[in-house]
**Q** 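Please find one structure pasted underneath; my questions will follow.
Just so you know, these numbers come straight off a predicted model, no measurement behind them.
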Protein chains: 2
Amino acid sequence: MAARQGTRQRILEVAEELFQHRGYGGFSYQQIAERLGVRNAAVHYHFPSKTDLVLALLRRYRSSFIWWQDQMRRRGETPERCLEAFFALERRYMEEGKVCPLGVVGVESEGVPDVVRAEAAALADDLLRWLTAVLTQGGKQGALRIMGAPEACALALMGSLQAGLQLARLKGPEVFYILLEQQRGQLGLMTRQVAAGA
Amino acid sequence: MAARQGTRQRILEVAEELFQHRGYGGFSYQQIAERLGVRNAAVHYHFPSKTDLVLALLRRYRSSFIWWQDQMRRRGETPERCLEAFFALERRYMEEGKVCPLGVVGVESEGVPDVVRAEAAALADDLLRWLTAVLTQGGKQGALRIMGAPEACALALMGSLQAGLQLARLKGPEVFYILLEQQRGQLGLMTRQVAAGA
DNA sequence: GTCTATAGAGGGATAGAC
DNA sequence: GTCTATCCCTCTATAGAC
């Protein structure tokens with residue numbers, strides 16, 4: 001499956017999987033090569049150093065997210081629907097056993113090249129800027145209940161889900177869902193019918 | 001400083017420092033040995049395998065916390081003061097550039113021995129149980145504003161600070177303080193005078 | 001309890017053939 | 001663009017002297 005799309009892209013896909021499952025220091029060129037059925041050196045051809053690889057990975061997260069938020073905007077989605085779409089992204093990470101890339105770089109920060117940390121910080125900016133805008137708009141329209149500064153709410157929202165993904169690995173998926181519903185509740189969003197969308 | 005306390009204890013102290021700064025996979029016996037001025041093999045004498053070492057570390061977190069919460073109880077501290085003491089612990093991590101051990105194990109979960117993950121889960125239980133009890137009591141007394149289940153509030157509180165410590169490494173200390181104040185605000189606790197305690 | 005020395009595995013990275 | 005082969009490093013862990 002998915003065989004004809006250039007090794008470079010396939011490397012990035014496998015790397016993303018490994019990165020969010022095992023962390024920066026926890027995956028190797030060997031593991032990528034094995035999963036793709038090529039050799040170590042082939043991976044180094046496309047990404048000479050691990051820094052190059054992870055940098056490309058983080059840039060990809062950023063551009064994917066930029067594209068995604070543009071889609072939301074172009075479709076004229078309401079703040080509620082924007083948030084629900086965002087929750088769906090996070091829930092998907094959860095179901096795939098992944099954690100947020102920001103958490104990975106945050107935890108391993110001191111063992112990661114400066115450029116990588118900087119790119120992760122830029123990704124955090126992108127996410128927070130968008131979330132803040134959505135919350136601000138939703139607050140003005142009265143569709144969302146915003147307590148305090150929207151920037152702080154955005155931070156709390158992102159942080160809650162980031163920690164939820166991590167804690168789910170220790171305590172099971174429920175803790176993620178509890179945190180998700182808690183955030184929804186705070187924003188005045190109705191909880192969905194139980195078992196309607198599982 | 002702090003020279004006469006048995007190598008075993010000094011190893012655990014250095015290991016804790018490294019663990020919360022660099023992650024599970026990010027520190028080595030070499031680094032511990034260098035900082036203590038001994039050899040690699042001396043560390044292995046006290047902790048034969050890395051699993052032994054990190055397990056001892058997590059058990060130490062747990063027993064420290066148990067002791068700490070017993071202190072709080074014995075002193076008959078109010079829920080507010082209990083929470084403020086907890087915030088102080090987290091703020092200290094922040095100032096020392098550390099992240100929460102639960103975040104470390106959560107992120108690197110798949111590259112960590114099962115027993116280590118289990119011990120981290122037990123530590124999470126201890127923390128959540130205590131926080132839940134404090135929030136419940138504070139809610140009944142009317143000293144804290146609890147929205148929804150105390151268990152969910154405890155989770156949100158812990159998660160917020162956990163993520164705050166990680167994000168502070170990417171975006172600077174302010175994000176941690178913003179999250180902290182946000183949590184305080186939610187619980188109906190007054191924010192301290194600006195610049196009073198920096 | 002700490003040392004020297006070393007085994008053995010795996011990591012990142014490169015050279016040069018094809 | 002991928003391969004084989006290899007270098008060099010760091011890591012965990014152990015054996016045996018002191």
**Q** Taking only residues two or more places apart in sequence, or in another chain, which ones meet B:Gln30 in a side chain to side chain donor-acceptor pair (under 3.5 Å)?
**A** none

**Q** Which residues pass the salt bridge (Lys or Arg N to Asp or Glu O under 4.0 Å) test with B:Lys50, not counting sequence neighbours?
**A** none

**Q** Given atom CZ of B:Arg39 and atom C1' of D:dT12, what is their separation to the nearest angstrom?
**A** 17 Å

**Q** Please list all pairs passing the side-chain hydrogen bond (donor to acceptor under 3.5 Å, both in side chains) test where one or both residues lie in residues 53-67 of chain B, with sequence neighbours left out.
**A** B:Glu16-B:Arg60, B:Gln20-B:Tyr61, B:Arg62-B:Glu119, B:Arg62-B:Asp126

**Q** Residues two or more places apart in sequence or in another chain: which of them pass salt bridge (Lys or Arg N to Asp or Glu O under 4.0 Å) with A:Arg92?
**A** A:Glu96

**Q** Just jot down the salt bridge (Lys or Arg N to Asp or Glu O under 4.0 Å) partners of B:Glu174, sequence neighbours excluded, or say none.
**A** none

**Q** Under 30°, 30 to 60°, or over 60°: which ring-plane class applies to B:Trp68 and B:Phe65, parallel, tilted or perpendicular?
**A** parallel

**Q** Scan the side chains in residues 130-152 of chain A for donor-acceptor partners under 3.5 Å anywhere in the protein, sequence neighbours excluded, and list what turns up.
**A**
| residue | atom | partner | partner atom | Å |
| --- | --- | --- | --- | --- |
| A:Thr132 | OG1 | A:Leu128 | O | 2.6 |
| A:Thr136 | OG1 | A:Thr132 | O | 2.7 |
| A:Arg145 | NH1 | A:Gln186 | O | 3.1 |

**Q** Using the 3.5 Å cut-off, write out each protein N or O paired with an N or O of nucleotides 14-18 of chain C and the distance between them.
**A**
none

**Q** Side chains of residues 155-163 of chain A: which donor-acceptor partners sit under 3.5 Å, not counting sequence neighbours?
**A**
| residue | atom | partner | partner atom | Å |
| --- | --- | --- | --- | --- |
| A:Ser160 | OG | A:Gln183 | NE2 | 3.1 |
| A:Gln162 | NE2 | B:Gln166 | OE1 | 2.8 |

**Q** Over the length of the helix from C:dG1-D:dC18 to C:dC18-D:dG1, how much do the five-pair end axes diverge, rounded to 10 degrees?
**A** 0°

**Q** For DNA chain C, what residues of residues 22-33 of chain B have any heavy atom nearer than 4.0 Å?
**A** none

**Q** Could you list the residues that satisfy salt bridge (Lys or Arg N to Asp or Glu O under 4.0 Å) with B:Arg75, not counting sequence neighbours?
**A** none

**Q** Check every atom of D:dT2, C:dC3, C:dA13 against the side chain of A:Lys50 and return the nucleotide holding the closest atom.
**A** C:dA13

**Q** For A:Ile66, what are the other residues in its hydrophobic cluster, where any two members join if their side-chain heavy atoms are less than 4.5 angstrom apart?
**A** none

**Q** Rounded to whole Å, please give me the gap between CZ in B:Phe47 and C1' in D:dA13.
**A** 16 Å

**Q** Roughly how many Å is it from CZ in A:Arg8 to P in D:dT2, rounded to a whole number?
**A** 12 Å

